[in-house]
Amino acid sequence: MTARGDRILGIGLLVLSVAYGWVAQGWPEPFGGAETVGPETFPTLLAVVLGLSSVYLILKPDPDTKWPMGRTGAEILLSIVILALYAFLLEPLGFVISTTLAVSALCWRMGARPVSAFLTGLISAVVVFVLFNYALELSLPAGLLEFE
């Protein structure tokens, strides 16, 4: 295969982008009404960048690209599944838990030891959660960790 591999990957990433953007739009408005920058802003920006990148892959594929087979193809497919699950589990589980799981899984598949991968995922999730919720005042979903 040549350009077909890039187009297949582009279509898969476009589906992922639409799903991620759709889930982000379902987040409720913060207390006090709509704001210019709300909780869906960052995920929407990521969805737009991913969508534009995938459209580029579909329209301008690399003619010399060969579709990865075997283990490499399985790793790419697993990464796509992890990212899709992340998009769907973000609201019910909350940002910290879902980000910890997704980043940990991706780090582990890239070769990190399981404990190091988990710590990287946990630290990343907590730092971004604190930064967004308290420094930028953009509420991310707390999910299971919501205290009421």
Side-chain angles (χ1 to χ4, degrees), residues 1-69 72-112 117-146:
M1 281 190 230
T2 55
R4 189 179 331 165
D6 277 355
R7 288 194 172 110
I8 291 171
L9 179 62
I11 291 168
L13 291 175
L14 186 60
V15 169
L16 180 65
S17 167
V18 169
Y20 190 66
W22 179 64
V23 168
Q25 299 311 308
W27 290 347
E29 290 181 1
F31 180 74
E35 298 175 3
T36 305
V37 178
E40 75 282 348
T41 303
F42 183 70
T44 301
L45 288 174
L46 289 178
V48 168
V49 169
L50 180 59
L52 291 174
S53 301
S54 60
V55 168
Y56 181 81
L57 277 174
I58 294 168
L59 298 177
K60 296 284 246 168
D62 183 5
D64 299 325
T65 303
K66 295 190 189 250
W67 187 253
M69 296 301 215
T72 304
E75 291 288 340
I76 291 172
L77 209 57
L78 180 62
S79 298
I80 291 171
V81 168
I82 290 169
L83 292 173
L85 285 173
Y86 176 72
F88 287 108
L89 295 176
L90 189 59
E91 192 168 352
L93 293 181
F95 181 83
V96 174
I97 294 173
S98 57
T99 301
T100 298
L101 293 174
V103 172
S104 298
L106 292 172
C107 286
W108 174 61
R109 294 313 311 146
M110 285 190 250
F118 176 76
L119 290 174
T120 300
L122 181 62
I123 291 168
S124 301
V126 170
V127 166
V128 171
F129 185 79
V130 169
L131 177 70
F132 271 63
N133 275 5
Y134 301 107
L136 299 174
E137 297 180 2
L138 299 172
S139 61
L140 294 173
L144 297 175
L145 299 177
E146 189 169 349

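Because only heavy atoms are used, hydrogens play no part in the values below, and waters and symmetry mates are left out as well, while side chains stay in.
- Rounded to the nearest 0.5 angstrom, Leu119 CG and Thr100 OG1 are separated by 10.0 Å.
- Between Ser17 and Ala47, the shortest heavy-atom distance links the atoms OG-O, 2.5 Å.
- In this structure, Phe95 and Tyr86 have perpendicular ring planes: the angle between them is above 60°, well past the 30° mark.
- To the nearest 0.5 Å, atoms CZ (Arg7) and CG (Leu14) are separated by 14.0 Å.
- Atom OH of Tyr20 is separated from atom CG of Leu50 by 9.5 Å, given to the nearest 0.5 angstrom.
- When atom types are taken as modelled, the side chain of Ser53 and the backbone of Val49 share a donor-acceptor pair closer than 3.5 angstrom.
- A donor-acceptor pair under 3.5 Å is absent between the side-chain atoms of Thr99 and the main chain of Ala125, judged by distance alone.
- Interatomic distance, Leu83 CG to Leu106 CG, rounded to the nearest 0.5 Å: 5.5 Å.
- Nearest approach of Thr120 to Cys107, heavy atoms of both residues: CG2-SG, 3.9 Å.
- For the atom pair CD1 of Ile8 and CD1 of Ile58, the computed distance is 11.0 Å after rounding to the nearest 0.5 Å.
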Task: side-chain contact (heavy atoms from CB on, under 4.5 Å) between Leu85 and Leu101, intermediate numbers included - done: CA-CA 10 Å; Leu85 285 173; Leu101 293 174; over 6 Å; no
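- Put simply, the side chain of Ser54 never gets that close to the backbone of Ile11: no donor and acceptor are under 3.5 Å apart.
- Classified by interplanar angle (parallel below 30°, tilted 30° to 60°, perpendicular above 60°), the ring pair Phe88/Trp22 is perpendicular.
- Contact annotation: the side chain of Leu9 approaches that of Ile80 to within less than 4.5 Å [non-hydrogen atoms, C-beta and beyond].
- Here Tyr56 pairs with nothing under the ring pair (Phe, Tyr, Trp, His ring centres under 6.0 Å) rule; sequence neighbours left out.
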